[in-house]
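Input: a single structure, listed below in structure tokens.
Sequence lines set the chain letters: A, B, ... in the order given, protein chains first and strands last, and positions in each chain run from 1.
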Amino acid sequence: MSRIVGHLDLDYFYAQVEELEDPALKSKPVLVCVYSGRTEESGVVSTSNYKAREHGVRSGMPIALAKRALAGVDSAFIPMVHSKYELYSDRVMETLRSKVDVLEQTGIDEAFFDVTKLTGGDYGKASALAREIKREILSDEGLTCSIGIGPNKVVAKIASAFNKPDGLTVVREGDVAGFLSEMPADRIYGVGPKTAKILEEKGITTIAGLSKATADSLSSALGRRLAVYLHNAAQGIDDDPVVDRAEATQLSRMITLKHDTNDVEQITRELSPAVRDLQEKLAAKNLFFRNVSAIGISTDLSLHTKSKTLEAPTNDLGVLETEVEELFEALLLEVGDLRRAGVRASDLKDMQDQSSLTEFTG
DNA sequence: GTATGCTTTCGGC
DNA sequence: TTACGGCCGAAAGCATAC
């Protein structure tokens with residue numbers, strides 16, 4: 001039986017939550033912002049409602065630029081409170097999980113789901129189920145979402161973005177080619193600005209254009225793997241399964257430094273609360289780490305990292321702090337002043353079932 | 001050649 | 001005129017082992 005896959009996306013999520021908690025916001029542009037703390041308004045827009053987007057506001061835009069776009073317009077600039085959105089997200093995902101065969105959460109506001117067994121491959125049933133899911137999320141949480149249904153993840157994801165907000169788009173197998181053909185190539189997941197530019201240089205701007213290109217002809221510019229994926233995706237072919245993802249594979253924390261600096265002591269001092277927060281998060285999730293990274297963003301916003309794999313997994317704060325300091329010492333020999341700094345723990349091990357540390361400490 | 005492991009960078013939201 | 005976060009997963013690139 002061929003698959004039926006869905007993709008659900010909570011509409012302009014953070015801003016919608018803010019509207020929900022303060023309905024008076026609905027009448028004006030709402031911008032949920034990450035304030036970096038460096039100056040009064042340094043930071044970026046994380047999400048905005050559609051009223052803000054009408055004025056040209058976009059995710060990732062510097063706050064100062066958004067202020068200019070909205071000069072003279074009554075607007076709400078709201079600091080992002082991630083933990084708040086997480087509570088809504090967790091409840092929505094729990095609801096969704098209970099109504100599908102398999103759920104694969106891919107972000108705080110989106111998830112793929114497989115309903116092949118539940119619907120017996122019947123698109124009519126899948127469509128009715130999607131409407132029911134939308135209704136339930138709205139009545140339980142007061143949130144709207146957009147859902148796409150199709151034969152695989154690539155099609156479902158494009159479908160969920162096709163009609164937003166509060167949309168539902170069902171693309172049956174026979175309709176895939178027609179649905180995709182006129183779309184710009186960058187609607188395909190994996191085609192961002194860089195890949196889109198490379199494709200454009202080859203005269204490819206639409207999915208139809210992409211579907212005519214062979215994987216070989218794309219390979220040298222994009223790499224074999226991406227070339228094959230895009231060649232298939234453009235024809236609506238994608239056998240990537242919907243999988244219930246277990247634990248996170250990495251956890252990280254980033255901060256913006258008060259001032260650009262190359263001084264290890266200054267950087268580790270400012271980063272220290274973030275390092276502790278990361279360790280607490282790991283401990284709360286019963287996770288040990290075996291790999292530690294220092295992350296630096298230079299004044300020109302370029303990214304630099306140094307990482308180290310430990311002999312054995314640990315969750316010790318002292319070890320984490322020591323490794324972070326050493327990694328930054330090495331990193332700072334190779335780069336100039338940093339604007340932002342971060343720490344990442346990866347190669348995580350779930351210690352839930354570990355009754356003692358003897359396995360790792362001998 | 002292929003699998004595997006590790007570090008660094010990229011892309012998406 | 002410039003302006004600029006904090007996460008995540010995964011790919012790329014390279015080395016080693018068989």
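In this structure A/Glu132 satisfies the salt bridge (charged side-chain N to carboxylate O under 4.0 Å, His left out) test together with A/Lys99, sequence neighbours excluded. Residues forming a salt bridge (charged side-chain N to carboxylate O under 4.0 Å, His left out) with A/Lys212 (at least two apart in sequence, or on another chain): none.
A/Ile158 places its CD1 atom 13 Å from the P atom of B/dG12, with the value rounded to the nearest Å. Put simply, CD on A/Glu334 is 14 Å from P on B/dT7, counting in whole angstrom units. The separation between A/Leu230 atom CG and B/dG11 atom C1' is 13 Å, rounded to whole Å. One can place CZ of A/Phe13 at 17 Å from C1' of B/dG12, the figure rounded to the nearest angstrom. For A/Tyr189 and C/dA10, the OH to C1' distance is 8 Å, given to the nearest whole Å.
Nucleic acid contact for A/Val292: none, since no nucleic acid atom lies under 4.0 Å from a heavy atom of the residue. Within the 4.0 angstrom heavy-atom criterion, no nucleotide atom of any strand lies near A/His82. Looking at heavy-atom distances under 4.0 Å, A/Lys67 makes no contact with the nucleic acid at all. Among the atoms of the strands shown, none is found under 4.0 Å from any heavy atom of A/Arg58.
Rounded to the nearest Å, the gap between the C1' atom of B/dG11 and that of C/dG5 is 15 Å.
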Between protein and nucleotides 5-9 of chain C, what N or O pairs are separated by less than 3.5 Å?
unit_1, atom_1, unit_2, atom_2, d
C/dG5, OP1, A/Ser36, OG, 3.2
C/dG5, OP1, A/Arg339, NH2, 2.9
C/dG5, OP2, A/Arg339, NE, 3.4
C/dG5, N2, A/Ser46, OG, 3.3
C/dG6, OP2, A/Thr256, N, 3.4
C/dG6, OP2, A/Thr256, OG1, 3.0
C/dG6, N7, A/Arg340, NH2, 3.4
C/dC7, OP2, A/Met254, N, 3.0
C/dC7, OP2, A/Met254, O, 3.4
C/dC7, O5', A/Ser252, O, 3.3
C/dC8, OP2, A/Ser252, N, 2.5
C/dC8, OP2, A/Ser252, OG, 2.5
C/dG9, OP2, A/Thr249, OG1, 3.1
C/dG9, OP2, A/Gln250, N, 3.4
C/dG9, O3', A/Arg245, NH1, 3.3
C/dG9, N7, A/Gln250, OE1, 3.2
C/dG9, N7, A/Gln250, NE2, 3.4

For nucleotides 13-18 of chain C, give me every protein contact, N/O to N/O, under 3.5 Å, one pair per line with atom names.
none

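Near DNA chain B, meaning a heavy atom under 4.0 Å from it, residues 107-116 of chain A has A/Asp109, A/Glu110 in order of number.
Nearest heavy atom pair, residue A/Arg131 against residue A/Leu168, reads CG-CD2, 3.6 Å.
Distances were taken from every side-chain heavy atom of A/Ala64 (C-beta onward) to each of C/dA3, B/dC10, B/dC6; the shortest belongs to C/dA3.
Pairs engaging residues 258-270 of chain A under the salt bridge (Lys or Arg N to Asp or Glu O under 4.0 Å) rule: A/Arg38-A/Asp260 [sequence neighbours left out].
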